[in-house]
Amino acid sequence: MKRLGSVQRKMPCVFVTEVKEEPSAKREHQPFKVLATETISHKALDADIYSAIPTEKVDGTCCYVTTYKDQPYLWARLDRKPNKQAEKRFKNFLHSKENPKEFFWNVEEDFKPAPECWIPAKEIEQINGNPVPDENGHIPGWVPVEKNNKQYCWHSSVVNYEFEIALVLKHHPDDSGLLEISAVPLSDLLEQTLELIGTNINGNPYGLGSKKHPLHLLIPHGAFQVHRHHLGLCWPIPDTYMNSKPVIINMNLNKCDSAFDIKCLFNHFSKLDNQKFARLKDIIFDV
């Protein structure tokens, strides 16, 4: 199994899935559901699933921390997708009753151009120096989150490159029943993947912040271990482990508090330093 904190590609379902002809509860206008059966998949068995540590699935968007411009940087997930002609060929292949065993991609010609700074995700199979697309016809990858890029403004709200820190939600080091929001050095997160959650991410299932005062946080993958099954339950689950524990703010930023922009999240959290809340969704900024 993958080590905790390192998720470079989409994680397949542990169980074999089946399609049921009934309206989706997750996607509007989708006339079918994809549900897990009780049969463990061959991929999971090959990956030694019985030795795995179950952790809560955090519902946000995937991020990665690695070096850019000679310093630790937050990177956003950006998958390269096929152009219209290649996508049409791929869909015809998927729906053909006389499928050949394998679809052949010409990576140099079949895919939309990527930004110069784009890098493919790690552990992706390569042929002749080109990354091989996944089963959905996408090439997973990353782009650095630049400070003034409006497309990734919610990503950039949780990092400060001047002080090289990030806003992270994790377990309190001395109390397993308590969560902690703190400013973590980006260098401590190098080569880790994390999930960005918050007001403007994936429908905000955790109820964080508000439209007027958006709130976003990073959570390291594998941060919250669980010992129960989630099959057959609605998603998002209203009271997940993460959303039912008390949380304390512990910024430890005395040296640079006065240097933050008054509108940034780091400044707002600094004002709440050492305060404890019953749940994540109870955190409110007094602006």
Side-chain angles (χ1 to χ4, degrees), residues 1-13 26-27 34 55-69 71-83 86-87 90 105 107 110-126 130-161 166-170 184 186 188-206 208 214-224 235-236 242 265:
M1 299 299 292
K2 291 180 179 295
R3 66 179 175 84
L4 295 181
S6 177
V7 181
Q8 287 282 332
R9 55 172 64 186
K10 289 185 178 179
M11 303 297 288
C13 184
K26 184 176 181 181
R27 293 184 175 88
V34 180
T55 61
E56 181 171 326
K57 180 187 184 296
V58 180
D59 198 357
T61 184
C62 194
C63 303
Y64 174 45
V65 176
T66 193
T67 303
Y68 180 64
K69 295 182 177 178
Q71 73 174 92
Y73 243 73
L74 184 69
W75 295 60
R77 178 72 177 265
L78 179 67
D79 290 2
R80 287 192 64 188
K81 297 180 180 180
N83 55 39
E87 186 176 20
F90 185 56
W105 293 99
V107 176
D110 288 343
F111 286 81
K112 298 173 184 177
E116 281 186 30
C117 52
W118 181 88
I119 59 172
K122 288 186 174 181
E123 303 172 12
I124 289 181
E125 182 185 352
Q126 297 208 0
N130 290 317
V132 177
D134 62 20
E135 64 272 15
N136 299 311
H138 297 174
I139 304 175
W142 311 100
V143 288
V145 175
E146 300 277 13
K147 184 178 179 181
N148 298 317
N149 188 329
K150 290 184 179 179
Q151 183 178 355
Y152 299 110
C153 60
W154 309 124
H155 291 70
S156 61
S157 73
V158 298
V159 290
N160 184 298
Y161 292 130
L167 281 171
V168 174
L169 173 69
K170 59 186 187 326
V184 174
L186 279 164
D188 289 357
L189 304 172
L190 275 170
E191 301 311 313
Q192 291 188 42
T193 56
L194 309 96
E195 200 81 0
L196 176 69
I197 64 167
T199 310
N200 296 289
I201 304 295
N202 253 12
N204 191 19
Y206 305 107
L208 301 184
L215 192 166
H216 298 87
L217 299 165
L218 290 169
I219 301 175
H221 284 138
F224 306 120
W235 184 263
M242 187 182 76
L265 283 178

Problem set entry | From W142 atom CH2 to T193 atom OG1, the distance as rounded to the nearest 0.5 Å | 6.0 Å
Exercise. Do you know the tightest heavy-atom contact between G60 and I197?
Worked result: CA-CG2, 4.2 Å
Exercise. Just one of I201, L217, V145 clears the side-chain contact (heavy atoms from CB on, under 4.5 Å) bar with L196, so which one?
Worked result: I201
Exercise. Hey, is the main chain of H138 close enough, under 3.5 Å, to the side chain of N136 for a donor-acceptor pair?
Worked result: no
Exercise. Quick one: side chain to side chain donor-acceptor pair (under 3.5 Å) partners of T66, sequence neighbours excluded?
Worked result: E191
For this session: Compare all side-chain heavy atoms of I219 with those of L194 and state whether any distance is below 4.5 angstrom.
Result: no
Exercise. Considering residues at least two apart in sequence or located in another chain, which fulfil the side-chain contact (heavy atoms from CB on, under 4.5 Å) criterion with K150?
Worked result: none
Problem set entry | Non-neighbouring partners of Y161 that pass side chain to side chain donor-acceptor pair (under 3.5 Å), sequence neighbours left out | none
Seminar exercise, completed: Those residues at least two apart in sequence (or on a different chain) that pass side-chain contact (heavy atoms from CB on, under 4.5 Å) with N204 are T199, L208
Exercise. In this structure, are over 12 heavy atoms from other groups packed under 6.0 Å from K81 atom NZ?
Worked result: no
For this session: Could you tell me whether the side chain of H216 reaches within less than 4.5 Å of the side chain of L167, counting heavy atoms only?
Result: no
Problem set entry | Where Q192 and Y64 come nearest, the two heavy atoms and their spacing | O-CD1, 3.3 Å
For this session: Kindly give the heavy-atom pair with the smallest separation between V107 and P133, and that separation in Å.
Result: CG2-CD, 4.2 Å
Seminar exercise, completed: Minimal heavy-atom distance between Y68 and W75, with the atoms involved, is CB-CZ2, 3.7 Å
Exercise. Below 4.0 angstrom, N of the basic side chain to O of the carboxylate: do R77 and D79 qualify?
Worked result: yes
Exercise. Excluding sequence neighbours, so at least two apart, what forms side chain to side chain donor-acceptor pair (under 3.5 Å) with N202?
Worked result: D59
For this session: Classify the angle between the aromatic ring planes of W105 and F90 as parallel (below 30°), tilted (30 to 60°) or perpendicular (above 60°).
Result: tilted
For this session: Evaluate the criterion side-chain contact (heavy atoms from CB on, under 4.5 Å) for residue pair L189 and V168; output intermediate values, then yes/no.
Result: CA-CA 10 Å; L189 304 172; V168 174; 4.0 Å; yes
Seminar exercise, completed: So NE2 of H221 and SG of C63: to nearest 0.5 Å the spacing works out to 8.0 Å
Problem set entry | Atom of P140, atom of I124 and distance for their closest heavy-atom approach | O-CD1, 3.4 Å
Only pairs under 3.5 Å count here: list side-chain donor-acceptor contacts from residues 112-120, not counting sequence neighbours, and write none if there are none.
from : atom 1 : to  : atom 2 : distance (Å)
W118 : NE1    : L78 : O      : 2.8

For this session: Would you give the length of the straight line joining atom OH of Y152 to atom CG of L74, rounded to the nearest 0.5 angstrom?
Result: 11.0 Å
For this session: For residues T61 and H155, determine if any side-chain heavy atom of one lies less than 4.5 Å from a side-chain heavy atom of the other.
Result: yes
Seminar exercise, completed: Residues E195 and C62: closest non-hydrogen pair is OE1-CA, 3.8 Å
